[in-house]
Every structure is written in structure tokens, then in C-alpha cells.
Asks: 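I have a structure here, written as C-alpha cells, and I will follow up with some questions on it.
What's counted below: heavy atoms across the whole structure, side chains too, no hydrogens, waters or symmetry copies.
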Amino acid sequence: MATITTSGSVLDVNTIVSQLMAVEQAPLAKFDQKTASYQATLSAYGSLSGSVGVFQSALGGLTNASTFKALTATAGNSDMLSATANSKAASGNYQVNVTQLAQAQTLTTNGIASSKTAIGTGSKTTLFFQFGNTAGSYGMNGTSLDSTALAGGVSNGSLTINGKAIATGSATNSARALAEAINAQSTSTGVTATATAAESSATLFAGFGPVSVTGTGTYKLSVGGVEIAAQDANTAPGEEITATSLDVALGVNSPVRTALSNAGITVTGTAEAGDLKFTRADGSNLNIDEVVTGDVGEVQGGIGKAAGEANGGSSLKIASSITLTSSNGSPITVGGSNPAAAGLTAGTGGSYLSGGFTQDATIASGSVVIDSTNNSLEGIRDAINKAGIGVSASIVNDGSGTPYHLVLTSATSGNKGSMKISLSGSEGGDAETALADLLGYDPAGAQNMKQTSAAQDTKLTVNGIAISSSSSSVSEAIQGVTMNVKQLGTTTLSVNRDTNALKTSVTSFVKAYNDLNSSLKKLTGYDAETKVAGPLQGDAAARSVQSQVRRMLGASVNGLSGNLTTLGQIGITFDKDGTLKLDDAKLAGAIQNNFDDIAGLFAAIGTSTDNQVSFVSSTAATKPGKYDLNITQMATQGSLSSAAALAGPITIAADTTWGLTLNDSKPPVATNTATVTIPAGTYKTPEEFAKVLQSSINGTAAFSKRSASVAVTIDSDGKLVLSSTKYGSASNVGLTKLTGTDIADIFGGTTPVEGLDVAGTLGGHAVVGSGQTLTGKGGTDVEGLKIEITGGTVGDRGQVSFSQGYAYQLNNLATTFLSKTGPITSRTDGINSSIKSIAKQREAFADKLTSIEARYRAQYAKLDATLATMQSTSSYLTQQLAALAANS
């Protein structure tokens, strides 16, 4: 307030104005009181909003059905195995025996001197990687035992396998004996041995001369100790041993044939045809002996002798070789003082023996172009890693004279992750020879790279049933259970209902409500002891929140098909003070008898009577109920079929590329079309080619990056069908030839077919079809209800049931409370408007007070001046009168 100081002032203007303004300013306090009251209410609504928000957060995890169907999976040996179970699992006890762990295949090149030097001439070469299953055993073939080993056996110390000494001796004089010695150490070495069959030459009996004996001579022919034929002295005409008589003696079911069979010896061919052959399958040595007595020339003819040619006797010991097989596909290391005695060569190695490769169409293939810009070992490594084709490449230096090895590891573990690497040139040219010699790998052919780690599955048994998995994660061997295998061994696995988790969830629901109820009581109630009312006592919006929540909890859940429809059935009831209480015994009984139904009391549940129709999702607008489903059109996939049935073999030329358009839009988008490289080769069957085509397309980066893929099959008519894996009107395929083999050579004249969306009605209401899903239209009872139809036919497809449990309904109700149009927001918006209005009124009144004060000051200043003048006049007159009095 301004202060005026006047010389000769009579009045205290400042004090007078201040006192007057104190009276004038009294209404400001009422404005402030109203504002404070509104602020208190606004703060109370903030507390209410916070309480509802906390309540909603507490309900969040309770709206999912899986929360109430939790199961535990506990392994007896957690170091060996861990497991999780979902709501599809069933309680039970299982015995698990793990015998093999999954691993990915690793291939290594032979060493080269430099990792930076160019390999080959730099001509353009495409490396094509395919993935699938490899057949055949991995190991090495030995050679037949030599005469020294046959005579005196393989001396002890001659052989080691994978660092383990193989005990041998004089008795180790056959492939069979050697295999038995190696197999005695298989547990330590991981290698088994198989003796190949000992068999005579198919031409041994070619030109068998008739055997005649004169004088005192005798002749006896035996095979494996079994006498085949014999002739004493003085052979009479017509009694010679001939090829024909040998065949008679060896006839089917003959005593000689039976004796040979008992000795493990089989007979093929005939002596008369010159292809008679004896085979001992177990790898034991096979002796073929001609025992001759008498003077020289008294015995004529026989094996390798013409008629009349002298036979002095013969002894042939036929030995076989062994094949080593690695149990896990790892290289085998052969050592010892003299491994050659066992028909083996010192060193580390191995390959697939009689191998084969079958493409897995579900794994994308990939290609990498090598030319003069990247044809060093480092360049090849970088090109493979950059391509992202499911193979990682690295370089290892072993410190030798040619130390650098390219190491390739499949990104896919398990049997189906085995690699086949083929190379092709461009524009009809051959692949770079140096690259082919370094990188070519075909389990059924040239294996220029060496396998250092085999692709293998996890193998286990569950209650004695054999199970395999491509990774350490084993899903659905037990329905609803995922096992993570860590070690080999045996353990138990117990799957049980997680009643503790369910009880915790139910208790959390009760606590969430009681916390909200406590907040509402403080805000809307009256404390009789302190005689203080809550800031929202009598407030309509607050009462609405309280009443709607209580009303919802008191009603039953509509649309449920189980035995439970109210909270009271699981022991949740209202206490006298308005809080919820939980009867533990009643909840335990519900868990015991109706475990699967409890989830429906809390979560949103959708079910279907058709096992090819599944509930996907819903919205707050979806109304509970049972709705009849009628399908008028099934979803289809965009496809392209060959005009006629295919017949093998199918030949694809080198440098074949096709342009593929997949799931394109209208208008077309360039990124929906990409170039696909088809590996050159001759494919024996249409099925084999279909696998290669599918994996080639799905391995194209432009498609895999946007999760677009195809399926290629041979239909019942033998036609090749290329289909998008996507369903609906956005599903389509198209092919154009770029280079190499023409598309028409495979598909003929054919037109692509676009996909269709599923169509129908739900409860008679309109729906929107997209691919295989139907979604209820807005404004209907089924608004937002989404279901998926994965198979079946058009027509009536049963019923889809939908229900909203308490937690789900309350969560939606809380969303409504807190929404922009909800009661809390509406009320707080109104309060804020009132506060702003009061502020404006106060400001206007304050402005008015300023003018009033100015007027008061002006008035009293004028009065003060008048009084001062009058006082001065009074003083003058007093003085004058005093002077007159003094002069009189």
C-alpha cells in the first residue's frame, strides 16, 4: 500500500486507508477458501485416481488364464535337466534318460599357406549351401591284413585309436579278431569296428581243370575246413572231379552246402560258369586248400590248372579288412607303432561311408558369390558371414606350414542341420577348380572339407519312449512341457499343479480390492472419533466408482461352461466391513475339484466346440455369450501349379535365377520381388526338386527379412505346387525367368491363383475376414472377438463361447474410470475449471481494489489538505487576536 507524507499533515492518511482497505479486501479470503477447498477435492481425486491405477496394475497379471493354470516341472537332477510346464500339461511323474546332446555340424578346409592370398583365378563362382539329413556312417575303411599279420597276428602296441591302446597279439590274425579287440575299447574311444566279409575272387575257379589221379596220389579240396571234393588214386574214366561235379556237390540243401553254411560261409556263382565265389561274412579268415599227395604229376587239373596239367597242391588264406565308425561323427585319430599291420594309416581323418544327403525343405538354403574381389580365405569368410545364410565362418591357424583353415559351422543344430556345399560357375562356365577342391562337400560324393563336429539330435527316452530333438530344448515330448537338457544321464521329472501360484494369484486379487476399498473409505467416509469427514464424502463420482466395483463383484460371470461362476464358490466373500475375505479351506477344495475352471472366474476365456477353430483375442467391447459360427468361405493361399505332372529326373542349368514376387500389394511394391538362385544339378525325383526350390526361395534375404515364405509340394496328381504360406487376399505368388532354366520347362503354361480371406458370421453378426481370422464388427455383440479357422469346411462350425472373468471386467472398468471421458477425469476437469474461474474472479476483484485504494487516498489527501489550510488559518487568526489583545 502506498504511503503519503505531507508537510503539515493533519490526518494519518496511510493508517486510515489501510484500515478501510482491510475491510474492502475481506472477500479475497472467501476466494482463497473456495480455491483451497477445490484444491483439496482435486488432491482427493488424485488419490482416488492413483488408487484405481494401483488396483488396475494389480489386476494386470490376473487377466491371463495361464496365471491360474500354472504347473511346475521339477527335475530330480537340476544339473542335468530343467523344465517348464504350461496350461496344456497334465500332472504326472516321468523317467527321463538322456543319451545324446544336440550339436551343430562343423566343417574344416585343408590348410593353406596364406589367408590373404587369392585362391584360383577369380572367375565368378557361386557357393550354394543346402541343409538336411546326412545318411551313412562316419569313419574310415582299412585295407586287408597283410601276410605277416595273418601268420603271426598284430603285435601288441601296433595300434592306438583316439589315444587309447588296442590290446592285440598273436591271436589277432583276422579282421574279425581285430574288430573284437577294437570294440573292447569302444567306450573309451567312441569308435566301433566292423570286419568286412572275407571273400574269394569271383574268377578263382575260372578254368577249373578236371582232376584226375594216378598211382598213389590223392586230391582233397576244402573251403574253411569243409571238404568239398576228394579223389583217391587211379581215377576211372568219368570219375574226374570237374566243375560240374563241384556244382553238384555245392547244390542247394546238399550236405556240403549245409556244412559250409554252418561254418558261416556262403556260396554264389558256379564253377562251370567260372564265377564260383565263397564268402565268410563275419570277417574271419577264409582258407581254400588243395591237399595233394603222391609223386609229381600223379594229380592233374584243379584250381588254375588245365586238364592234364600237374597240380602240386595249393593253400590260399583270404583275409578281409575293418571299417572304423565314429559314434558321434568326430574325426578318428589312428596311431601306434605299426598301424599298417592292422590295415590302417596313421593320422586323423574320416568321411561319410556310402553317405547320402536329403534336403530339409523347412530350412532355408543360401548362396554366396565368390569372385576376384573376395577369393581369399578371409574374403570367403567375410562373404559367408555377411550373407546371413545360416552358416558362421571363421579362420583357424594351426601353426603348421599350411596353417590356415576355414571353419564353417551350421547355425542349425540337430541332424537336419547337416550341410551340403556345391559350387557352380556363371554363364554356363565351370566353377573355379581351386575353390571346388577346397570347399566342395557332398556326403554322398566328394568330401573335400573335413567334418570336425557332426550334426546330431538330442536323444532321450521318456518313460522308455524314444524321443529326439534338434536342439537342447525338447518341447511337447510331454504335452505342455518344455525340457532344457544340459547333461547326459537319468533323472526323474515331476509335473504338478502349482497350487501355491494359484493361491497367490487369488490372494493378490483379494488384496487389490481391499486396498482400493480402504482408499475409498478414507476418501468418502466419516471418522466418528475425530469427527472428520473424508474429502470426497457424498461425492457422486466417488460413490459411482465404489458402487460399480461392488456390483460387479456381486454378480456371476456370464458365458462360463465350467462348474464355477461366482467368487463365493472359491471362498471369496464380502465381510461386514465391506472388505473381501478368503476362505482357505474352500479355495483348497475348489483347487482340488475344479482346478481348470478357476481361471474363468478371473480371466477372459474363449473356447470353441470345433478343434480347428481357436480363440485369439477380444476387446472390452466384446460381450460374453455363446455364438454360432457359420463359415461361407475358407481362407486359401496364393499359389502357382505346374500345368502337368512332373516326372524325374529334373535338370536345372548352371546360373539359374528366377524372379519371384511374393505377397505383393496393389499397387505393387518393389521390395516384394527378389531374385532367387536355384542350385544347378539333376534331381532324381520331383519331391527332391520341390525341397530344393522351397529352401532356395525361403533362403532369399528379401523374403526372410519380412518373414515371407513359401511351401513347395507335389500334389496327388503329381503337379508341382508353389504356395505362399500366408493366407488370404494378400497372399499371392508370381515367377519370371531371369537366367538359366526357363520356368516354363518346369511349370509349363500356368496362371497364378490369388488367395482368399475366410468369410462367415458369428452369432449371426457381421465379421471381418483377414487371412484365416474373423473379427467381430463394431457395434455388434461380438465386436473385437477374434478367432482363427485353420481347417475344415464351409457350413456350420459349432459354437464359440466367450466369458469375462472378474479381473478382466474390473481391469476394463478401471480403464473406463481413468479414461478421458470417465467419471474421475470428468470430475477433475470440472474442478480445474472452477479453480481457474475463481482465479479469474479473484484477479478481477484485486484489480478493483487497486482503484478503490487510489480513490480513498485521493479523498483523504484532499481532506487532509483542507484541514491543514484551515488549521493554518486558525493559527493566523489566533495570532491576530492575541496581537489585538496586547495592543488594547
Asks: Does a side chain donor of either Thr106 or Thr452 reach within less than 3.5 Å of an acceptor in the other side chain?
Replies: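 Checked: Thr106/Thr452 side chains show no N/O donor-acceptor pair below 3.5 Å.
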
Asks: Using atom types as modelled and distance alone, determine if a side-chain donor or acceptor of Arg280 lies under 3.5 Å from a backbone N or O of Asn287.
Replies: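 Checking the backbone N and O of Asn287 against the side chain of Arg280, no donor-acceptor pair under 3.5 Å is found.
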
Asks: Quick one: does Thr433's side chain get under 4.5 Å of Asp430's, heavy atoms only?
Replies: no

Asks: Between atom OG1 of Thr492 and atom CE of Met80, what is the distance when rounded to the nearest 0.5 Å?
Replies: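 CE of Met80 is found 9.5 Å from OG1 of Thr492.
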
Asks: Check whether any side-chain heavy atom of Leu316 sits under 4.5 Å from a side-chain heavy atom of Leu204, and report yes or no.
Replies: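 Leu316 vs Leu204: side chains touch.
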
Asks: Minimum heavy-atom separation for Lys691 and Thr358, please, with both atom names.
Replies: NZ-CG2, 3.5 Å

Asks: Hey, are Arg176 and Glu180 close enough for a salt bridge, meaning a charged N less than 4.0 Å from a carboxylate O?
Replies: yes

Asks: Are Tyr94 and Ile465 close enough that some pair of their side-chain heavy atoms sits under 4.5 Å apart?
Replies: no

Asks: Take Leu159 and Val334 through the test side-chain contact (heavy atoms from CB on, under 4.5 Å) and record every step on the way to the result.
Replies: CA-CA 7 Å; Leu159 179 64; Val334 174; 3.9 Å; yes

Asks: Can you name the closest pair of heavy atoms from Leu493 and Met483 and give their distance?
Replies: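 Closest pair (atom of Leu493, atom of Met483, distance): CD2-SD, 3.8 Å.
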
Asks: Under the criterion side-chain contact (heavy atoms from CB on, under 4.5 Å), I'd like the reasoning laid out for Tyr441 against Phe357: C-alpha separation, chi angles, the key distance, then a yes or no.
Replies: CA-CA 11 Å; Tyr441 185 80; Phe357 178 82; over 6 Å; no

Asks: With no hydrogens and no angle check, is any side-chain donor or acceptor of Glu199 less than 3.5 Å from a backbone partner on Lys277?
Replies: no

Asks: Taking atom types as modelled, find out whether Ser326 and Asn328 have a side-chain donor-acceptor pair closer than 3.5 angstrom.
Replies: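 Side-chain D/A pair, Ser326 to Asn328: present.
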
Asks: Hey, is the main chain of Gln95 close enough, under 3.5 Å, to the side chain of Asn463 for a donor-acceptor pair?
Replies: yes

Asks: Is there a donor-acceptor contact under 3.5 Å from the side chain of Thr242 to the main chain of Ser245?
Replies: yes

Asks: When you look at Phe278 and Leu250, which way does the side-chain contact (heavy atoms from CB on, under 4.5 Å) test go after all the steps?
Replies: CA-CA 11 Å; Phe278 297 94; Leu250 293 169; 3.9 Å; yes

Asks: Side chains of Ser186 and Ser327: closer than 4.5 Å at any heavy-atom pair?
Replies: no

Asks: Would you please say whether a donor-acceptor pair under 3.5 Å links the side chains of Ser471 and Ser473?
Replies: no

Asks: Can a donor-acceptor pair be found, under 3.5 Å and without considering hydrogens, that links the side chain of Thr109 to the backbone of Leu438?
Replies: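 Not confirmed, Thr109 side chain does not pair with Leu438 backbone.
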
Asks: With distance as the sole criterion, is a donor-acceptor pair present between the side chains of Asn183 and Thr192 under 3.5 Å?
Replies: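 No - no donor-acceptor pair under 3.5 Å links their side chains.
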
Asks: State, yes or no, whether a side-chain contact exists between Thr216 and Thr293 at a heavy-atom distance under 4.5 Å.
Replies: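 Side chain of Thr216 against side chain of Thr293, heavy atoms only: no contact under 4.5 Å found.
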
Asks: If you look at every heavy atom in Val692 and Pro679, which pair is closest and at what distance?
Replies: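 That would be CG1-CG, 3.3 Å.
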
Asks: In the structure I gave you, are the side-chain heavy atoms of Ile714 and Lys719 within less than 4.5 Å of one another anywhere?
Replies: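 Counting from C-beta outward, Ile714 and Lys719 never come under 4.5 Å.
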
Asks: How many angstroms lie between atom CG of Leu720 and atom CD of Glu687, to the nearest 0.5 angstrom?
Replies: 9.5 Å

Asks: Without hydrogens or angle criteria, can the side chains of Gln359 and Ser365 be said to hold a donor-acceptor pair below 3.5 Å?
Replies: yes

Asks: So, does Ser410 use its side chain to make a donor-acceptor pair with the main chain of Ser418 at under 3.5 Å?
Replies: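 Side chain of Ser410 to backbone of Ser418, a donor-acceptor pair under 3.5 Å: no, none is there.
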
Asks: For Ala431, does its backbone N or O pair with a side-chain atom of Ser424 as donor and acceptor, under 3.5 Å?
Replies: no

Asks: What's the separation between atom CD in Gln103 and atom OG1 in Thr458, rounded to the nearest 0.5 Å?
Replies: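 Between Gln103 CD and Thr458 OG1, I get 9.5 Å after rounding to 0.5 Å.
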
Asks: Determine the minimum heavy-atom distance between Ala149 and Ala341, stating which atoms define it.
Replies: CB-O, 3.7 Å

Asks: Donor-acceptor pair, distance only, cut-off 3.5 Å: does the side chain of Tyr138 make one with the backbone of Gln451?
Replies: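 Side chain of Tyr138 to backbone of Gln451, a donor-acceptor pair under 3.5 Å: yes, one is there.
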
Asks: Kindly indicate, with the supporting measurements, whether the criterion side-chain contact (heavy atoms from CB on, under 4.5 Å) is fulfilled by Gln185 and Ile161.
Replies: CA-CA 9 Å; Gln185 298 294 338; Ile161 295 183; over 6 Å; no

Asks: Could you measure the distance from the CG atom of Leu439 to the CG atom of Leu107? Nearest 0.5 Å is fine.
Replies: 10.0 Å

Asks: Check whether more than 12 heavy atoms from other residues, nucleotides or ligands sit under 6.0 Å from atom NZ of Lys459, and answer yes or no.
Replies: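 Not more than 12 within 6.0 Å, no.
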
Asks: Can a donor-acceptor pair be found, under 3.5 Å and without considering hydrogens, that links the side chain of Gln694 to the backbone of Ala361?
Replies: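 Checking the backbone N and O of Ala361 against the side chain of Gln694, a donor-acceptor pair under 3.5 Å is found.
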
Asks: Quick one: which of Thr134, Asp457, Asp360 gives a side chain to side chain donor-acceptor pair (under 3.5 Å) with Asn415?
Replies: Asp457

Asks: State, with a plain yes or no, whether a side-chain heavy atom of Glu240 is found less than 4.5 Å away from one of Val211.
Replies: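 Contact flag for Glu240/Val211 side chains = no.
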
Asks: Say you draw a straight line from OG1 of Thr325 to CG of Leu353; how long is it, rounded to the nearest 0.5 Å?
Replies: 6.5 Å

Asks: What is the minimum heavy-atom distance between Ala393 and Leu406, and which atoms define it?
Replies: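 What the structure gives for the nearest pair is CB-CD1, 4.2 Å.
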
Asks: Is there side-chain contact between Thr270 and Asp275, with at least one heavy-atom pair below 4.5 Å?
Replies: yes

Asks: If every non-hydrogen atom of Gly163 is compared with every non-hydrogen atom of Thr160, which pair is closest and at what distance?
Replies: C-CB, 4.5 Å

Asks: So for atom CG, which belongs to Asn253, do other residues, nucleotides or ligands contribute more than 12 heavy atoms lying within a distance under 6.0 Å?
Replies: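 No.
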
Asks: Is a side-chain donor or acceptor of Asp715 paired with a backbone partner of Asp717 at a separation under 3.5 angstrom?
Replies: yes

Asks: Hey, what do you get for OG (Ser174) to CG (Leu286), rounding to the nearest 0.5 Å?
Replies: 11.5 Å

